[in-house]
Amino acid sequence: MTDHIASDVRVRTVPPGGGRRSRAGFWLVAAVYTVVMLGGTLPIPLYVFWAPQMGFGPFTTTLVFAVYALGTVLALMVFASLSDRVGRRPLLAAAVLAAATSTALFLLAHDVGTLLAARFLCGLSTGVFTATGTAALGELAGAERTRLASTVSTAANMGGLGLGTIVAGLFAQYEANPTHLVFWVYLASLVPAFLAVVVTPETVTSRQRPAMSVRRPAFPDRRPARTEFLRVATAVLAAFAVSGLFSSLVPSFLREQLHVHNVAAVGAEVGLLFIVALIAQVAAPERWTSGRWPTPAFLVAGVAVFEAGLLARSLPVFAAGTLLAGTGIGLAFRRGVAATQRLADPRRRADLLSTYFLFAYTGTIVPTLALGLLDQTINQDVATLILAVAVIATTLASALSRPATTVA
């Protein structure tokens, strides 16, 4: 074992071959990570059923979506870095319990208030798990297997998000109770998930009492490392802005503009973005993530093409933009997680990962809320065009920023 000692926290990382239990724990955390992220997108195809039942319109749908992201941001600012002090396992277990509570509220939801509470708790759960689970995977894998840890963590994140919309769409289309059965099945899946967390090895020792406070975003101390981190963080902000814009647009675009009323097809189209991102993370050559331009090129092309599909009311063009944008999102996320794991002080790994994911989910919130507000005053085509230009500008700004020279 290798110990990294700080004034208040000691983190033990498990090296490759550090034991069968550590290897099993790595894959258990990855599986639970996937399950928790799956729950984050289960509600997306179901708003079409909740809206007439509860009497709300497009702006409330946008608000519910944004509340999820706000819950995620709060978790990252207040709770996620606690695992550096109290251990990974307690926070992972708390995230699973929050997901279970959120699921129970979805089953009980008969008004917008309950729906908002359920979505907020869902955001808290995914926010805690993204930072803590990613840190745990890095430590369970060991210092010599950082590529495996970053690939698996990004695959669990994007794969879970993609599966959530696909699974919910299938249940909603082919089962009699579209807003309940899928949540009963998901709630049952959280029982073995919780047990898996309980038996996972702890990687943080010499733990202290939890100290609750709103933490400022953490950054690497050395300037070259800080510059590199800001570049990858800005890139993932732009990437998640694309996914937020896409997720906000797809259900209404398919239903209202293209008259696609098959909920399974809507869920599959949203899920396609995340599945393509997953494939890009796993299959893309190393030079695509180490080079400067592949990631922004895919993102910019994807936004331009799916915006053209929106304006032309063309599903094939929109789908082509989805493939390009999904590839860009996957590359940005893989590169950012790998860089953050490498640049993080092992004593504050979850802290820096929390900041990284804070950038990511801020990117989700801004276009979602902006689209909801702009849609109240101007044509949706103009609103999406404005947001698409803003996303492209942010992507290019990240790519053109001055690169770090060395990282000490």
Side-chain angles (χ1 to χ4, degrees), residues 35-80 94-130 161 164-165 167-169 171-172 175-190 212 214 244-245 247-252 255-256 263 266-267 270 358 361-362 364-377:
V35 171
V36 171
M37 297 310 295
L38 185 151
T41 51
L42 276 181
I44 289 178
L46 305 180
Y47 294 125
V48 64
F49 299 100
W50 282 319
Q53 291 173 8
M54 301 179 189
F56 62 80
F59 179 73
T60 301
T61 300
T62 301
L63 182 62
V64 174
F65 187 90
V67 161
Y68 163 77
L70 288 170
T72 304
V73 168
L74 179 63
L76 292 168
M77 293 180 66
V78 179
F79 300 110
V96 175
L97 291 175
T101 305
S102 167
T103 306
L105 287 176
F106 278 122
L107 287 167
L108 297 172
H110 295 291
D111 56 72
V112 174
T114 308
L115 197 61
L116 288 169
R119 205 68 176 114
F120 181 75
L121 273 177
C122 185
L124 286 177
S125 171
T126 56
V128 170
F129 212 100
T130 48
L161 291 173
T165 61
V167 168
F171 270 84
E175 296 296 333
N177 200 340
T179 59
H180 284 79
L181 182 58
V182 68
F183 289 113
W184 281 116
V185 173
Y186 182 65
L187 189 60
S189 74
L190 291 174
M212 297 298 297
V214 178
L245 181 61
S247 300
S248 301
L249 285 171
V250 168
S252 62
R255 186 174 61 254
E256 297 170 11
V263 186
V266 174
V270 178
L358 184 61
Y361 285 101
T362 298
T364 301
I365 292 174
V366 173
T368 304
L369 287 177
L371 183 64
L373 293 171
L374 290 172
D375 197 39
Q376 304 298 305
T377 56

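Position 1 is the first residue of the sequence, and the numbers go up from there. Excluded from the calculations below are hydrogen atoms, water molecules and symmetry mates; all remaining heavy atoms, backbone and side chain alike, are included.
- Between the side chains of T126 and Y361, no donor-acceptor pair is found at a separation under 3.5 Å.
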Result block: side-chain N/O donor-acceptor pairs under 3.5 angstrom for residues 95-105, not counting sequence neighbours:
| from | atom 1 | to | atom 2 | distance (Å) |
| --- | --- | --- | --- | --- |
| T101 | OG1 | L97 | O | 3.0 |
| S102 | OG | A118 | O | 2.7 |
| T103 | OG1 | A99 | O | 2.7 |

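- Within the 6.0 Å centre-distance limit, the rings of F106 and W50 are counted as a close aromatic pair.
- Between the side chain of S125 and the backbone N or O of L121 there is no donor-acceptor pair closer than 3.5 Å.
- Going from atom CZ of F171 over to atom OG1 of T179 covers 13.0 Å, rounded to the nearest 0.5 Å.
- T114 contributes no side-chain N or O that, together with a main-chain N or O of A109, makes up a donor-acceptor pair within less than 3.5 Å.
- Between atom OG1 of residue T41 and atom CG of residue L46 there is a gap of 10.0 Å, rounded to the nearest 0.5 Å.
- A distance of 4.0 Å separates CE of M37 from CG of L161, quoted to the nearest 0.5 Å.
- Atom-to-atom distance recorded for N177:CG and F49:CZ is 10.0 Å, nearest 0.5 angstrom.
- Under the 4.5 Å side-chain criterion, counting only non-hydrogen atoms from C-beta, T60 is not in contact with Y47.
- For the residue pair L124 and L74, the shortest heavy atom distance occurs at CD2-CD2, 4.2 Å.
- With sequence neighbours excluded, the residues satisfying side-chain contact (heavy atoms from CB on, under 4.5 Å) with V35 are Y186, S189, L190.
- Side-chain atoms of R119 do not come within 3.5 Å of backbone N or O of A66 as any donor-acceptor pair.
- In this structure, the side chains of T130 and L76 come closer than 4.5 Å at one or more pairs of heavy atoms.
- Side-chain atoms of L115 and F56, non-hydrogen and from C-beta on, do get closer than 4.5 Å to each other.
- Ring geometry for H180 against H110 counts as tilted: the plane angle lies between 30° and 60°, on a 0 to 90° scale.
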